> 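Please find one structure pasted underneath; my questions will follow.
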Amino acid sequence: MTTTLAGGRAARRQTMRRIRPRRSPAVPLLLAVWAGAVAVLWLWWHNTPSIADDTGRILNAGRITGLLAGYLMALVVLQMARVPALERRVGSDRVARWHAMSGRYTLSLIVAHVFLTMWGYARQAGKSLGDIVQQTVDSVEQLPDMGKAAIGTGLFVVIGLSSIGGIRRRLPYDAWYHVHLLTYAAVFLTFWHQISTGNDFAVEPAAKTFWYGLYGAVTALVVWYRVLTPIRLNVRHRMRVEAVVEETPGIVSVLISGHKLHRMGAEAGQFFRWRFLAPGMRFSSHPYSLSAAPRPGMLRITVKAIGDHSARLRELTPGTRVWAEGPYGALTAQRRSRGKVLLVAGGVGITPMRALFETLPGAAGDITLLYRANTTQDLALWDELAAIAEERGARLMYAVNSPEGERPDISAENLQRKVPDIDRHDVFMCGPPGFAQSVYEALRGAGVPARRIHHESFEM
């Protein structure tokens, strides 16, 4: 049994009203971040007297690493706040990469700050480097707010270790996700010692006010977008599971009903973080893309069973309450810059591509979809895709393994053969990382500029 959601023409009219091609604000945001870092360096330089000896150099190195770590902590939390301007304009995957990179730099600066500061204190007390552990214990016991800072630092180390590639791959997603939420507690605990023991904030009231303002603004964004906005969305739209339908072996569609769902602001290509309030699933929140354009009373996601949470979706019963956060993602029609579009899907990456295939405006022949799967039996939603292609005169192609298991050749030459004017297309792509990378390289080899290859992953 398969699901079919009608309404493609209405969805395309809605998409036309929303298309407002805009440049990503990523560059201005990065410039603002660097400007803030320069301001922190200036604060340190302005309050640094002449350094007479090695102890002074070590302590001042500890000061600047601490200031930069404190600045990056605020940015790390900001990147977790799911601010729409970031999630929908920059892209969730890019923000996630920024967050991961900022987290690594933050942890490195924290470790350097603790080591350098404790070493400097030990030298001031006439001790050696070997006494740094005892000096750390003494500082935690004697200085204000250092106990909380020590706990926060420990949490940062745990979070950092859990995010190392090999460890993260072995952790269940839910375990990693909840450990990652400890970032909020770690930042809160380490904030206070910055104010009470930071010399720069003691001598510069304006700097102290700015620091409070920075952390206060970030806290307000987190509360608004992580707490209040989801509450308002779910109270307003009152979503429940309508039905669960098996599309192909191992892939199910979940139909979700609710009140005026088309007013949630979601677009084809976007995703929500879904929490199903069923036994054993209440505390799990996972990102799944919409596999059809939003309808007034219906949303749909299509999911492959690749983990405990996704495997349990088939057990959902009609009437189960649903809690959603979003919409997120920038893989939408607003990225389009050309009349012709090639959509490339790998495996269950077909879900956002199916929604775009239905809704992207275009004349006959303007829209092409290439669907990669292992076998023809794995081509989920194929009947719907064929119906959409026939209705709007779009091209639909698939690439599957040979009976002997040989993979199809998705090379630059083959892409140019199938789509002769591919270099004049926008390309939207979704699939596993290895597939996406190989297709990206083939597209570049076929002459498609990087700025017209649009890809987003939300595995975070």
Side-chain angles (χ1 to χ4, degrees), residues 5-26 84-95 261-272 287-296 298-302 326-345 349-371 381 384-385 388-389 391-396 419 421-422 424-431 436 439 443 448-458:
L5 296 182
R9 292 178 181 174
R12 286 194 287 278
R13 287 195 297 269
Q14 185 71 13
T15 302
M16 280 294 293
R17 288 195 289 270
R18 285 178 174 168
I19 290 180
R20 297 184 302 274
R22 297 176 292 186
R23 289 185 178 274
S24 168
L86 294 175
E87 298 285 336
R88 302 176 194 174
R89 295 285 304 281
V90 176
S92 300
D93 61 334
R94 196 170 190 177
V95 174
L261 299 181
H262 61 302
R263 296 186 178 178
M264 296 174 73
E267 301 178 50
Q270 291 188 310
F271 67 94
F272 288 80
Y288 300 125
S289 290
L290 298 175
S291 60
R295 270 61 171 179
M298 191 71 64
L299 298 176
R300 187 183 71 175
I301 58 175
T302 302
Y328 302 124
L331 194 67
T332 67
Q334 294 192 29
R335 286 195 175 187
R336 182 178 182 178
S337 63
R338 290 291 185 274
K340 293 190 175 184
V341 176
L342 170 64
L343 306 172
V344 184
I350 190 60
T351 53
M353 297 297 101
R354 184 266 179 226
L356 287 167
F357 194 50
E358 173 191 17
T359 59
L360 280 173
D366 282 351
I367 312 297
T368 302
L369 172 62
L370 172 61
Y371 187 177
L381 308 175
E384 290 184 29
L385 295 168
I388 293 169
E391 176 203 347
R392 61 183 313 191
R395 297 183 63 199
L396 177 60
V419 188
D421 57 348
I422 191 171
R424 295 197 295 273
H425 282 61
D426 268 308
V427 181
F428 290 75
M429 178 171 54
C430 187
V439 172
L443 290 167
V448 182
R451 68 180 180 278
R452 287 200 263 116
I453 302 175
H454 315 297
H455 172 251
E456 188 169 61
S457 169
F458 49 85

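Computed from a prediction, not measured in an experiment: that's the story for all the values here.
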> Listed by chain and number, what are the side-chain contact (heavy atoms from CB on, under 4.5 Å) partners of R424, not counting sequence neighbours?
D421

> So which heavy atom on G339 is nearest to which on D366, and how close?
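Heavy-atom minimum between the residues: O-CB, 3.8 Å.
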
> To the nearest 0.5 Å, what is the distance between CD1 (I367) and CD1 (I388)?
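These two atoms lie 11.5 Å from each other.
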
> Measuring from Y371:OH to L381:CG, what's the distance to the nearest 0.5 Å?
6.5 Å

> Does D426 have any side-chain hydrogen bond (donor to acceptor under 3.5 Å, both in side chains) partners at least two apart in sequence or in another chain, and if so, which?
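side-chain hydrogen bond (donor to acceptor under 3.5 Å, both in side chains) check on D426 returns S337, H454.
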
> Can you find a pair of side-chain heavy atoms, one from L342 and one from L443, that are under 4.5 Å apart?
yes

> Could you measure the distance from the CZ atom of R395 to the CG atom of L369? Nearest 0.5 Å is fine.
11.0 Å

> Take R88 and Q334 through the side chain to side chain contact (heavy atoms under 4.5 Å, CB included) test and state the conclusion after the steps.
CA-CA 10 Å; R88 302 176 194 174; Q334 294 192 29; over 6 Å; no

> Kindly indicate whether the side chain of L299, heavy atoms from C-beta on, has any atom under 4.5 Å from the side chain of M264.
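Yes - at least one pair of side-chain heavy atoms lies under 4.5 Å apart.
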
> Can L360 and L343 be said to form a side chain to side chain contact (heavy atoms under 4.5 Å, CB included), step by step?
CA-CA 10 Å; L360 280 173; L343 306 172; 4.0 Å; yes

> P327 and F272: which non-hydrogen atoms are nearest, and at how many Å?
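P327 and F272 have their closest heavy atoms at N-CE2, 3.5 Å.
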
> Report yes or no: does R338 contribute a side-chain atom to a donor-acceptor pair with the main-chain N or O of V341 at less than 3.5 Å?
no

> Can you see which heavy atom on I453 is nearest to which on M429, and at what distance?
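That closest heavy-atom pairing would be CG2-CE, 3.9 Å.
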
> Between C430 and H455, what is the shortest heavy-atom contact and its length?
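Heavy atoms of C430 and H455 come nearest at CA-CD2, 4.1 Å.
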
> Got a sec, which residues hit side-chain contact (heavy atoms from CB on, under 4.5 Å) with A364, two or more places apart in sequence or on another chain?
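If we apply the side-chain contact (heavy atoms from CB on, under 4.5 Å) test to A364, skipping adjacent residues, there are no hits.
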
> State which residues pass side-chain contact (heavy atoms from CB on, under 4.5 Å) with P449; sequence neighbours excluded, sorted by chain then number.
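Listed in chain order: R451, R452.
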
> Considering non-hydrogen atoms only, spot the tightest contact between S92 and G329 and give its length.
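Nearest pair, atom of S92 first, then G329: OG-N, 3.3 Å.
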
> Return the OH to CG distance between Y328 and D93, rounded to the nearest 0.5 Å.
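Here the interatomic distance stands at 15.0 Å.
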
> Could you tell me which non-hydrogen atom of A293 sits nearest to which non-hydrogen atom of A355, and how far apart they are?
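Looking at all heavy atoms of both residues, the closest pair is N-CB, 4.3 Å.
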
> Any salt bridge between E267 and R335, counting N to O under 4.0 Å?
no

> Would you please name every residue forming a side-chain hydrogen bond (donor to acceptor under 3.5 Å, both in side chains) with T351, sequence neighbours left out?
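For T351 there are no side-chain hydrogen bond (donor to acceptor under 3.5 Å, both in side chains) partners, ignoring immediate neighbours.
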
> Taking the side chain as every heavy atom from C-beta outward, state whether L385 and R354 have any atom pair closer than 4.5 Å.
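They are in side-chain contact.
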
